[in-house]
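What follows is a short report on a single structure.
For this chain, numbers begin at 1 and follow the sequence in order.
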Amino acid sequence: MNRINSLDGLRGLAAIGVAFFWHYQHFNPETFPFSRKAYWFYQYGYSLVDLFFILSGFIFCYVYKARLTSKSLGIKEYGVLRFSRLYPLHLLTLLLVALVQSIRHYYIGDYFIYQHNDTYHFILNLFFIQNGWFEHNFSFNAPTWSLSVEIIAYLLFFLIIYFLGSKEYYLVLYIAFVILGIVIKLTGLNTFLLNQETSRVFMGFFVGCLVYELYNYVRKIKTQHVFISIYSAVFLFLSISAITFGHGVLRDWQLVYTLIIFPLGILIILEIKIFNKILSVKPLTYLGEISFSIYLLHYPMQLVLKTLKDIYSFEINFSSRLTFVTFCISVIFVSILSHEFFEKPSQKYLRKVLLDRKNVRDKRILYSKS
């Protein structure tokens with residue numbers, strides 16, 4: 001199945017926004033590099049995780065919906081695809097962070113940023129249930145919290161489409177989970193599987209599924225241009241309002257981003273050729289391919305750098321643009337190595353070992369990058 005290059009490019013930019021700008025605060029610089037040009041990313045970059053969720057919902061529908069509806073993809077194959085894609089790098093970074101945090105605590109007496117690095121939290125991380133299940137505190141390689149809750153959406157998506165994909169009921173369930181996410185967020189509910197972490201994935205992932213359905217519907221009708229005009233008008237109105245009057249004018253701006261701005265942005269990118277082409281250029285699409293490595297490796301690399309600095313007492317000016325650019329290039333370089341020489345081989349190996357080639361109904365999954 002062909003990749004949607006423009007969405008790969010968008011995902012790459014989102015990964016950069018979270019890893020290089022939003023989480024640069026971990027270094028606690030006196031001033032933030034490129035602070036005027038990158039103001040939005042420093043102030044609101046964490047909302048890009050919601051964009052990740054929306055993209056995931058859209059891509060899951062694009063890649064898996066037809067195969068799940070036709071029953072050519074079963075729960076075992078589906079699970080192996082997700083496990084082989086996510087777990088190897090998660091485990092590697094978990095072990096790396098555990099090691100470096102232990103060294104840091106031994107020599108310096110503290111942990112870097114995330115303090116819950118005990119055996120209990122390690123076990124939760126080991127089983128990919130570190131956030132949104134039994135615990136809400138960030139621990140070890142904390143950015144993986146989003147993967148922990150996204151697994152819930154993966155399972156729900158499978159059940160919905162596998163059993164109801166041939167009927168129209170699945171759309172009602174998409175909407176129901178979006179509403180559930182909104183209710184959880186607005187009420188502040190904070191319990192097992194129903195909390196502020198899972199509310200974001202319920203909203204984002206299933207909004208992404210609805211965006212996919214809308215995109216496919218609009219492509220089939222004659223008044224497609226009318227919809228594109230509406231998308232663009234609403235997107236511009238909200239964006240200009242936020243820029244002119246501040247995000248306060250949007251009231252709950254995070255909900256507005258998740259429910260309106262990000263979905264409309266995706267539709268505009270897919271429907272308007274110039275935006276589609278810009279985000280489909282090879283450097284951006286490759287950033288999208290390595291975005292998982294960027295997302296999982298940026299904090300461990302921050303941890304290593306800050307720990308070496310504190311142990312050996314050498315000076316690093318984190319406010320320097322040169323330091324910022326050097327760090328970004330280093331993360332991208334290590335992410336390329338990780339993607340090409342660890343992620344892809346381990347993914348291929350696990351699928352070879354865990355799937356019986358003779359009994360796999362859809363042979364494409366043996367070679368899928370998803």
Side-chain angles (χ1 to χ4, degrees), residues 15-33 35 41-43 45-46 49 87-149 190 195-197 292-335 337-338 342:
I16 286 174
V18 175
F20 298 159
F21 292 97
W22 173 247
H23 279 162
Y24 200 76
Q25 64 185 286
H26 291 164
F27 289 132
N28 194 29
E30 291 183 10
T31 59
F32 287 87
S35 57
F41 291 100
Y42 284 126
Q43 295 297 317
Y46 77 91
V49 174
Y87 198 76
L89 190 59
H90 165 65
L91 179 61
L92 179 66
T93 56
L94 171 63
L95 295 174
L96 175 61
V97 169
L99 174 63
V100 180
Q101 288 281 38
S102 297
I103 294 171
R104 180 182 179 86
H105 194 270
Y106 178 81
Y107 283 101
I108 301 173
D110 68 8
Y111 293 121
F112 178 59
I113 307 297
Y114 305 112
Q115 303 301 308
H116 300 276
N117 301 302
D118 51 27
T119 303
Y120 167 69
H121 286 89
F122 183 84
I123 292 171
L124 293 181
N125 276 268
L126 202 60
F127 288 97
F128 239 153
I129 53 173
Q130 62 269 35
N131 281 92
W133 295 67
F134 308 98
E135 186 62 59
H136 309 292
N137 293 312
F138 292 129
S139 60
F140 293 96
N141 191 13
T144 61
W145 77 267
S146 62
L147 304 178
S148 176
V149 296
N190 200 28
N195 47 67
Q196 298 308 297
E197 292 87 8
F292 185 62
S293 281
I294 291 173
Y295 187 68
L296 260 65
L297 287 168
H298 76 275
Y299 171 73
M301 291 183 67
Q302 288 180 330
L303 169 63
V304 169
L305 178 61
K306 192 67 166 59
T307 299
L308 289 173
K309 174 187 179 297
D310 292 345
I311 290 176
Y312 294 104
S313 300
F314 56 80
E315 288 299 317
I316 299 177
N317 180 10
F318 289 113
S319 297
S320 164
R321 292 185 175 188
L322 179 60
T323 301
F324 176 86
V325 171
T326 302
F327 176 73
C328 294
I329 292 173
S330 299
V331 172
I332 290 172
F333 177 72
V334 173
S335 296
L337 295 179
S338 165
F342 180 74

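Aromatic rings from Tyr42 and Phe20 are positioned such that their centres are separated by 6.0 Å or more. In this structure, Phe128 has its ring center under 6.0 Å from that of His90.
Asn125 CG to Leu94 CG: the interatomic distance, rounded to the nearest 0.5 Å, is 5.0 Å. One finds the CD1 atom of Ile103 at 11.0 Å from the OH atom of Tyr106 (value rounded to the nearest 0.5 Å). Rounding to the nearest 0.5 Å gives a distance of 9.5 Å between SG of Cys328 and CD1 of Ile294. With rounding to the nearest 0.5 angstrom, the CD atom of Glu135 is 10.5 Å from the CD1 atom of Ile129. Summarising the geometry, atom OG belonging to Ser320 is positioned 12.5 Å from atom CD belonging to Glu30; distances are rounded to the nearest 0.5 Å. Thr119 OG1 to Leu124 CG: the interatomic distance, rounded to the nearest 0.5 Å, is 11.0 Å.
Nearest heavy-atom pair across Thr93 and Leu296 is CG2-O, 3.7 Å. Taking every heavy atom of both residues into account, Val149 and Gly132 meet most closely at CG1-CA, 3.9 Å. Here the shortest heavy-atom pairing between Ser146 and Val49 reads CB-CG1, 3.9 Å. Listed here is the closest heavy atom pair of Leu89 and Ser338: CD1-OG, 3.5 Å. Residues Pro143 and Tyr295 share a closest heavy-atom pair of O-OH, 2.8 Å.
Within the 4.5 Å cutoff, the side chain of Phe122 has heavy atoms near those of the Leu95 side chain. His105 places none of its side-chain heavy atoms less than 4.5 Å from the side chain of Asp110. Here the side chains of Phe140 and Leu303 are not in contact, with every heavy-atom distance at 4.5 Å or above. His136 has its side chain out of reach of Gln196: every pair of non-hydrogen atoms, C-beta onward, lies at least 4.5 Å apart. Within the 4.5 Å cutoff, the side chain of His116 has no heavy atoms near those of the Tyr111 side chain.
Take Phe292 and apply the ring pair (Phe, Tyr, Trp, His ring centres under 6.0 Å) test, not counting sequence neighbours, and it matches no residue. Residues that satisfy the ring pair (Phe, Tyr, Trp, His ring centres under 6.0 Å) test with Trp22, not counting sequence neighbours, are Tyr46.
Just one residue in the list Asp118, Asn117, Ile123 forms a side-chain contact (heavy atoms from CB on, under 4.5 Å) with His121, and that residue is Asp118. Considering Thr323, Ile316, Asn317 as possible partners of Ser319, the one that fulfils the side-chain contact (heavy atoms from CB on, under 4.5 Å) test is Asn317.
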Trace of the ring pair (Phe, Tyr, Trp, His ring centres under 6.0 Å) decision for Phe127 with Phe134:
CA-CA 12 Å; Phe127 288 97; Phe134 308 98; over 10 Å; no
For side-chain contact (heavy atoms from CB on, under 4.5 Å), just list the numbers for Val334 and Met301, CA-CA rounded to whole Å, side-chain angles, deciding distance to a tenth of an Å, and then say yes or no.
CA-CA 9 Å; Val334 173; Met301 291 183 67; 3.7 Å; yes
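Residue pairs that meet the ring-ring contact (aromatic ring centres under 6.0 Å, His included) test with at least one member in residues 298-320, sequence neighbours left out, are His23-His298, His26-Tyr299, Phe27-Phe318, Phe112-Tyr299, Tyr114-Tyr299.
For Ser148 (side chain) and Asn131 (main-chain N/O), a donor-acceptor pair under 3.5 Å exists by modelled atom type. In terms of modelled atom types and a separation under 3.5 Å, the side chain of Tyr24 and the main chain of Phe32 share no donor-acceptor contact. In this structure, Gln43 contributes its side chain and Phe41 its backbone to no donor-acceptor pair below 3.5 Å. Judged purely by atom type and a 3.5 angstrom limit, Thr144 uses its side chain to pair as donor or acceptor with the backbone of Asn141.
With hydrogens and angles left out, the side-chain atoms of Ser293 and Ser335 include no donor and acceptor closer than 3.5 Å.
Atom OH of Tyr107 has 12 or fewer heavy atoms from other residues, nucleotides or ligands within 6.0 Å.
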